[in-house]
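When reading the values below, keep in mind they use all heavy atoms of this one structure, side chains included, and skip hydrogens, waters and symmetry mates.
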Amino acid sequence: MTKAFFAGSFHPFTIGHASIVERALNIFPDGVVIAIGANAGKPESMAGAEDRRAHIAELYAGEPKVEVIVYTNLTVEAARAAGATVLLRGVRSVADFEYERNMAMLNRRISGIETLLMYALPELECVSSSAVRELQAYGMDVSDMLPDLQKE
């Protein structure tokens, strides 16, 4: 089985993740699980995990190889439960890449699961994860700052 697990409590269609899912479907023939983390303490401007899951599932309703779930346990455990063999992480900047690469190496050592890093849209390469979180905390969207970026 070659299924990928794309984890996070993100709003993927406002920060370039749809392109990653699309490319991942070419690599993982059994599909991609988009997993929304149900983490406490998220800014009030963000929808609840189930609301986000429903919204994202609706966007992928026509793609049978994409499953959208909410998970509350450890990411690696959730990936294995979903039948995925690889964690898929989106990267927007060099700073993100270094962080994610270190986390991927740690994941591999501790759990044995591989992590594939994929760059998001080129227009977003200057936008760090911390900037995305800060914007979301104020109810803003990264694409608001990038007028040429179409919302996916």
Side-chain angles (χ1 to χ4, degrees), residues 1-28 30-93 95-97 99-100 103-104 107 111 113 115-152:
M1 177 178 288
T2 51
K3 186 187 282 188
F5 190 84
F6 192 18
S9 56
F10 46 78
H11 287 265
F13 303 96
T14 60
I15 55 177
H17 285 108
S19 66
I20 292 172
V21 173
E22 182 180 326
R23 285 180 283 146
L25 286 170
N26 293 323
I27 301 170
F28 300 98
D30 293 323
V32 174
V33 177
I34 300 176
I36 308 303
N39 302 326
K42 292 292 174 187
E44 290 180 16
S45 62
M46 294 176 69
E50 184 53 39
D51 291 339
R52 284 180 279 138
R53 188 212 61 78
H55 175 70
I56 294 167
E58 183 180 319
L59 292 170
Y60 281 109
E63 178 49 72
K65 290 187 176 185
V66 173
E67 178 184 1
V68 185
I69 66 168
V70 172
Y71 74 104
T72 57
N73 53 344
L74 293 174
T75 304
V76 172
E77 290 175 5
R80 288 193 175 121
T85 54
V86 173
L87 297 178
L88 183 62
R89 299 290 296 176
V91 178
R92 286 178 296 279
S93 67
D96 281 353
F97 179 81
Y99 170 79
E100 293 292 352
M103 292 304 292
N107 261 342
S111 67
I113 198 162
T115 302
L116 176 63
L117 307 181
M118 297 182 82
Y119 272 93
L121 298 173
E123 302 89 284
L124 298 174
E125 66 187 38
C126 61
V127 182
S128 71
S129 294
S130 58
V132 170
R133 283 191 295 274
E134 286 180 31
L135 288 168
Q136 288 176 338
Y138 291 101
M140 294 178 64
D141 186 321
V142 172
S143 60
D144 292 340
M145 299 175 59
L146 303 164
D148 295 334
L149 179 64
Q150 291 182 337
K151 288 189 182 184
E152 301 160 348

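Of all the heavy atoms in Ala4 and Ala84, the pair that sits closest is C-CB, 3.9 Å. Residues Val32 and Ala24 approach most closely at CG2-CB, 3.8 Å, considering heavy atoms. Among all heavy-atom pairs drawn from Leu88 and Phe6, the shortest one is O-CD1, 2.9 Å. Residues Leu117 and Glu100 approach most closely at CD2-CB, 3.5 Å, considering heavy atoms. The two residues Val33 and Ala82 make their nearest non-hydrogen contact at CG2-CB, 4.1 Å. Shown here for Thr2 and Thr85, the closest heavy-atom pair between the two residues is CA-OG1, 4.2 Å.
Of the options Ile69, Ile36, Asp51, a side chain to side chain contact (heavy atoms under 4.5 Å, CB included) to Ile56 is made by Ile36 and by none of the others.
The distance from atom OH of Tyr60 to atom NE2 of His55, rounded to the nearest 0.5 Å, is 10.5 Å. The distance from the CD1 atom of Ile34 to the CD atom of Glu67 is 10.0 Å, given to the nearest 0.5 Å. Annotation: the span from Leu87 atom CG to Met103 atom CE amounts to 10.0 Å, rounded to 0.5 Å.
Under the rule for a side chain to side chain donor-acceptor pair (under 3.5 Å), Glu63 has no partner lying at least two apart in sequence or in another chain. With sequence neighbours left out, Ile27 forms a side-chain contact (heavy atoms from CB on, under 4.5 Å) with Leu116, Met118.
Between Tyr71 and Phe5, a ring centre-to-centre spacing shorter than 6.0 Å is recorded.
Comment: Arg53 engages Glu50 in a salt bridge, judged by a side-chain N to carboxylate O separation of less than 4.0 angstrom.
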